[in-house]
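Source: prediction; values computed, not measured. Only this structure's heavy atoms are used, side chains among them; waters, hydrogens and symmetry mates stay out. By convention here, the first residue in the shown sequence is residue 1. Note that ligands are numbered from 1 as they come in the structure, with each ligand's atoms numbered from 1 the same way.
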Amino acid sequence: DLAQIGVTGLAVMGRNLARNLARNGYAVAVHNRSYERTRRLVDEFGHEGTFVPSESMADFVASLARPRAVIIMVKAGGPTDAVIDELVPLLEPGDMIVDAGNAHFADTRRREQALRAHNLHFVGTGVSGGEEGALLGPSIMPGGSPESYRTLGPMFEKIAAVVDGTPCCVHIGPDGAGHFVKMVHNGIEYADMQLIAEAYDLLRAGIGATPAQIADIFRTWNTGDLESFLIEITADVLGHVDAETGQAFVDIVLDQAEQKGTGRWTVQSALDLGVPITGIAEATFARSLSGHAEQRAAAREAFPSTSGGLTVQDRDQFIEDVRLALYASKIVAYAQGFDHIEAGSAEFGWNIDRGAVSTIWRGGCIIRARFLNRIREAYDENPSLKSLMVAPYFAEAVNAGVPSWRRVVVAAAQAGIPTPAFSSSLAYFDGLRAERLPAALIQGLRDNFGAHTYRRTDRDGTFHTQWAGDKKEYSA
Ligand code: NDP
């Protein structure tokens, strides 16, 4: 019997995706460059469903029903191209290649275009949820043609996470749209984690709470507006004790974070599109900073004891301030991420439905959170919302948090506790709502040194002042 779908690339992600498909009743063709992984999958998990293993790519393709659907789950980059090149001569018009790895959306656009010339569907698909999500139900963000989604959609929706009866999978849009949205998801994940880390630092370095106490604080926070997977696992990580030393686990981990790619890609793309995603950018740079060990050592020597802790009158009030600042900053990070999606959608003609994106991020993925229901409601109410921050629910939440947010940022600055994401989010908020921005002065300077011209507040047109001469204004 022919398999309904195939997976090539059977490391943790591919193996678990294949198992998820098989457990949901699909006959799954499985293949890996080296046969060992394929054999192990069938040996260990063959009883879970119908697997059709092949050693060669040709046999793998031959084991699939038509139109064929092949999921590639290999290391992103060159390996993906290598597997595509191997597959293409074996496939026929109408067949579908799904790249479920973490590809850059520009690569996906390039591959989609190339394969379209062969009458093949190339479906760049974002998958979030890590190893466990792939097995038990990830959030799935497929791009590619609507036609391919008609075949793939039902299978993907079957294996995706489900929240309130709705699968966490929707056709995002053509070509690279799915990988773009996955990229922004990861960017938001960076911001979310940085904000959590700053909150922890404020409680730890600021008021001297122990990791165990902070774990309890996060556990409490997880029962309110902040309820989310990341807050939940923060409590787990902070509560964990290193078996070897008996110390808090967080104290024995080297404080140098990695930024493997998607955070960087998000920031690069935002710069190209001119979208201020300051929270995500600060989060990415904060990881870079943490990794500059030698510079940090030199700076510690030159500027000793930067953090003196805080003198806090009301400890509980401070903890509540941090919670509200975290929530307001998180709203900013998501507002910026959804702006980024809107900008990408406009630039590449994807017509992405932001409400649908928030719906499929409610479960399966790393940023899953109660709060995404609110985002969905906001876009349901107004699909062309100018900023998530101005939707009634979020505007109210931000307004309620502003005094706390300011107190926390001031306290952090005074105590020398770095809070780049809290602070820049507040600056973004104040920038966005300012009556007048000093951009007027910037324009004046640009006109002065480079004759870049400016517009006036009181009449239409473009103007230039003769700065070096009589300082008369001319219509440009
Ligand atoms: P890896 O990224 O570690 O990739 C290993 C797999 O790629 C193996 O099957 C390997 O085959 C195969 N491979 C590497 N080079 C080649 C090549 N030149 N030709 C053919 N096959 C090759 O696996 P993961 O399961 O961690 O991730 C798979 C994809 O999913 C990646 O794109 C990753 O970014 C993405 N992803 C990962 C998540 C995670 O939590 N890990 C979450 C979401 C997405 P072999 O066994 O023969 O070496």
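A distance of 12.5 Å separates OG in Ser329 from OH in Tyr334, rounded to the nearest 0.5 Å. Between the OG atom in Ser423 and the CH2 atom in Trp405 there is a gap of 10.5 Å [rounded to 0.5 Å].
Note on Lys330 versus Asp225: no salt bridge recorded, every NZ/NE/NH1/NH2 to OD/OE distance being 4.0 Å or above.
Applying the salt bridge (charged side-chain N to carboxylate O under 4.0 Å, His left out) definition to pairs two or more places apart or across chains, none involves residues 121-137.
Annotation: cation-pi pair Arg15/Phe45 absent, no NZ/CZ under 6.0 Å from the ring centroid and within 45° of its normal. Cation-pi geometry between Arg354 and Phe338 is not met at under 6.0 angstrom from the ring centre and within 45 degrees of the axis.
The protein residues lying under 4.0 angstrom from ligand 1, judged by non-hydrogen atoms, are Gly9, Leu10, Ala11, Val12, Met13, Asn32, Arg33, Ser34, Arg37, Met73, Val74, Lys75, Ala76, Pro79, Val83, Gly101, Asn102, Val127, Gly130, Lys182.
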